[in-house]
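In what follows, chains carry the letters A, B, and so on, assigned in the order in which the sequence lines appear, proteins first and then strands, with residues in each chain numbered from 1.
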Protein chains: 2
Amino acid sequence: MAADYAKILEGITPKRMVLADGDVVMRAGERVSAIFAVENGHVALSRHGSVVHVADPGTLFGESGLFSETNPVDAVARGPAVVSAYPQEHVLLFLRAHPEINMAFSAYLARRLNAARARIELAKLKGAEARVVAFLTQAGAAQGWIKVGQPLSHIAADIGLTHEAFYRTLRKLVDKGVLERNGRRGFWLRGGNE
Amino acid sequence: MAADYAKILEGITPKRMVLADGDVVMRAGERVSAIFAVENGHVALSRHGSVVHVADPGTLFGESGLFSETNPVDAVARGPAVVSAYPQEHVLLFLRAHPEINMAFSAYLARRLNAARARIELAKLKGAEARVVAFLTQAGAAQGWIKVGQPLSHIAADIGLTHEAFYRTLRKLVDKGVLERNGRRGFWLRGGNE
DNA sequence: CGATATCTATGATCGCGGTCACAGAAGAGA
DNA sequence: TCTCTTCTGTGACCGCGATCATAGATATCG
């Protein structure tokens, strides 16, 4: 997988971890040992019991812990997953030794920061419909068919809705002709945007 | 202002910009010219017409544009504001030349990422009371008196509530004996937490 | 200093979405 | 295959918080 962090970590040999649903990758408060890349499946990061972020395939997690002594969050596999663990010390040494790679890492963090901020503003939208449309738009459903990679009920929780409200809103959007569905997880927002 | 990005940019001379409400700092699609620090006021970043982030005083914005050719977002002043523009090329040269500063910049981005994710956690809490208590706790109101630095109505919007609901929730917490107030902006959470 | 805008605050009403309840569909495992 | 779990989906009810209305308290500015 040509993930956008590929160049950053290509010089480091990761430890591969194969996880079952619910397996713990790291616990909040533990010493930081590594930065992780999701190869397959999903990993939920939670803080005080509530999910803060869901790491998708092709993304890193634990990036913020790289610069601190202890992990700020719990990381638990959502369903079967495969992650690569890149030892913290190797990564830090590598970044220090390769300024260009370091720049690329900063760029990667900046992109993730943007995504997180977009999610915050999404959460502030009032009304289930606005949030669902915003989510689908961010996912690219306005440019053509997209296929979401996780259960709709998880998405509902991610955008701060119950699954019931989410399903009802999807139906309403379809009835309005704004949204088309293909199977259970295929979506296409058509309608007078842009 | 001793912002936590101070050390990163201290070697670069910014261009000061004084803005009125609605003034455009940068437009999506334009060539990137600088990274910005908000000295005063607020700057709204939007993409495809919807707000992605509101930059507060003491924070940077345009960090992601630093690594690309063109701006990904519009930036418009929300009310009168003062921002410092640090020319992109100077910042890039500076970071390339000083690996340790580059690491510090990565660490800054990682901290912001953490903060953003904590905010996501807060936004997902259900119920006005839970969100208000979470906000006050994050602000340190469980450790003693704190004084918030912005109008309560703005805080209400930040945590996804109307100001009316926010005021009512504060009152309810005071009635319950969980919260004490000192003047309009002083708060202290007492009660069996921890 | 007085005029004006903003902030803080509370009450009444109403609609959205959470909760509860139920069920078919799909997937996992034996 | 059959069982069991999870996911997807819909309906009924009702409580929380958005909205509308109003007003005193503060802040701002000429």
Side-chain angles (χ1 to χ4, degrees), chain A residues 18-23 40-42 44 50-51 54 76-81 122-136 146-176 179-187, chain B residues 20-22 40-42 78-82 122-136 146-176 179-187:
Chain A
V18 178
L19 306 163
D21 182 46
D23 280 359
N40 228 302
H42 294 89
S50 70
V51 174
V54 178
V76 176
R78 270 194 177 178
L122 189 153
K124 277 197 219 159
L125 293 174
K126 279 174 306 190
E129 194 172 313
R131 286 218 289 285
V132 171
V133 169
F135 167 80
L136 290 172
I146 60 153
K147 193 135 182 132
V148 298
Q150 50 179 334
L152 302 190
S153 50
H154 291 187
I155 291 173
D158 282 345
I159 65 176
L161 291 175
T162 58
H163 58 102
E164 297 98 321
F166 187 56
Y167 293 134
R168 276 193 285 259
T169 305
L170 288 178
R171 165 171 255 288
K172 192 158 57 173
L173 289 172
V174 170
D175 289 347
K176 285 214 256 174
L179 178 67
E180 276 189 61
R181 301 187 58 177
N182 183 1
R184 289 173 168 246
R185 298 190 182 171
F187 298 95
Chain B
D21 182 47
N40 228 304
H42 297 269
R78 274 198 173 173
V82 179
L122 192 152
K124 278 199 219 152
L125 293 174
K126 280 175 307 192
E129 194 172 314
R131 286 219 289 285
V132 170
V133 169
F135 167 79
L136 290 172
I146 60 151
K147 194 136 180 131
V148 298
Q150 51 179 336
L152 301 191
S153 50
H154 292 187
I155 291 172
D158 280 346
I159 64 176
L161 291 175
T162 58
H163 57 101
E164 297 99 320
F166 186 56
Y167 294 134
R168 275 193 282 261
T169 305
L170 288 177
R171 165 172 254 289
K172 191 158 57 173
L173 289 172
V174 170
D175 289 347
K176 285 214 256 174
L179 178 68
E180 276 189 62
R181 300 188 58 177
N182 183 2
R184 288 173 169 253
R185 298 190 182 172
F187 298 94

| request: Indicate, with a heavy-atom threshold strictly under 4.0 Å, whether A:Gly183 touches base, sugar-phosphate, or nothing. | output: nothing

| note | Side-chain atoms of A:Leu152 come closest, of C:dC20, C:dG11, D:dG9, to D:dG9

| said: I want to verify a distance call: between D:dG17, D:dT8, D:dT10, whose nearest atom is closest to the A:Pro151 side chain? | reply: D:dT8

| query | At under 4.0 Å, does any side-chain N or O of A:Tyr167 touch on OP1 or OP2 of D:dT10? | reply | no

| query | What is the distance from CZ of A:Phe166 to C1' of C:dT19, rounded to the nearest Å? | reply | 19 Å

| query | Expressed in angstrom and rounded to an integer, what is the separation of B:Leu170 atom CG from D:dG17 atom P? | reply | 13 Å

| task | Check every atom of D:dT8, D:dC20, C:dC20 against the side chain of A:Ser153 and return the nucleotide holding the closest atom. | result | D:dT8

| said: By the 4.0 Å heavy-atom rule, please label A:Thr162 as base, sugar-phosphate, or nothing. | reply: base

| Side-chain donor/acceptor of B:Arg131 to base of D:dG17, under 3.5 Å | no

| note | Of the listed C:dG17, D:dT8, C:dC20, the closest approach to the A:Arg184 side chain comes from D:dT8

| request: Ignoring hydrogens and angles, answer whether the base of D:dT19 and the side-chain atoms of B:Arg168 contain a donor-acceptor pair closer than 3.5 Å. | output: yes

| said: Please report the interatomic distance OG1(A:Thr169) to CG(A:Leu136), rounded to the nearest 0.5 Å. | reply: 10.5 Å

| Of the nucleotides C:dT19, D:dT8, D:dC20, which one has an atom closest to the side chain of B:Glu164? | D:dC20

| note | One should read off an interatomic distance between B:Glu129 CD and B:Leu170 CG, to the nearest 0.5 angstrom, of 10.5 Å

| field | Which nucleotide in C:dC7, D:dA18, C:dA21 has an atom nearest any side-chain atom of A:Lys126 | value | D:dA18

| message | How many whole angstroms separate atom CD1 of A:Ile155 from atom P of D:dG9? | response | 12 Å

| remark: Of all heavy-atom pairs linking A:Ala156 and A:Phe166, the shortest is CB-CB, 3.5 Å

| Under 4.0 Å between a side-chain N/O of B:Arg181 and OP1 or OP2 of C:dA9, yes or no? | yes

| said: Looking at every non-hydrogen atom in both residues, tell me the closest pair between A:Arg184 and A:Arg181 and how far apart they are. | reply: O-NH2, 2.8 Å

| query | Counting only side-chain N and O atoms of A:His154, is one of them less than 4.0 Å from OP1 or OP2 of D:dC7? | reply | yes

| Nearest to side-chain heavy atoms of B:Arg185, which nucleotide of D:dA18, C:dT19, C:dC7 | C:dC7

| Choosing from C:dG18, D:dG9, C:dA9, which nucleotide comes nearest the side chain of B:His163? | C:dA9

| field | Minimum-distance pair of heavy atoms, taken over all atoms of A:Ala81 and A:Gly41 | value | CB-CA, 4.0 Å

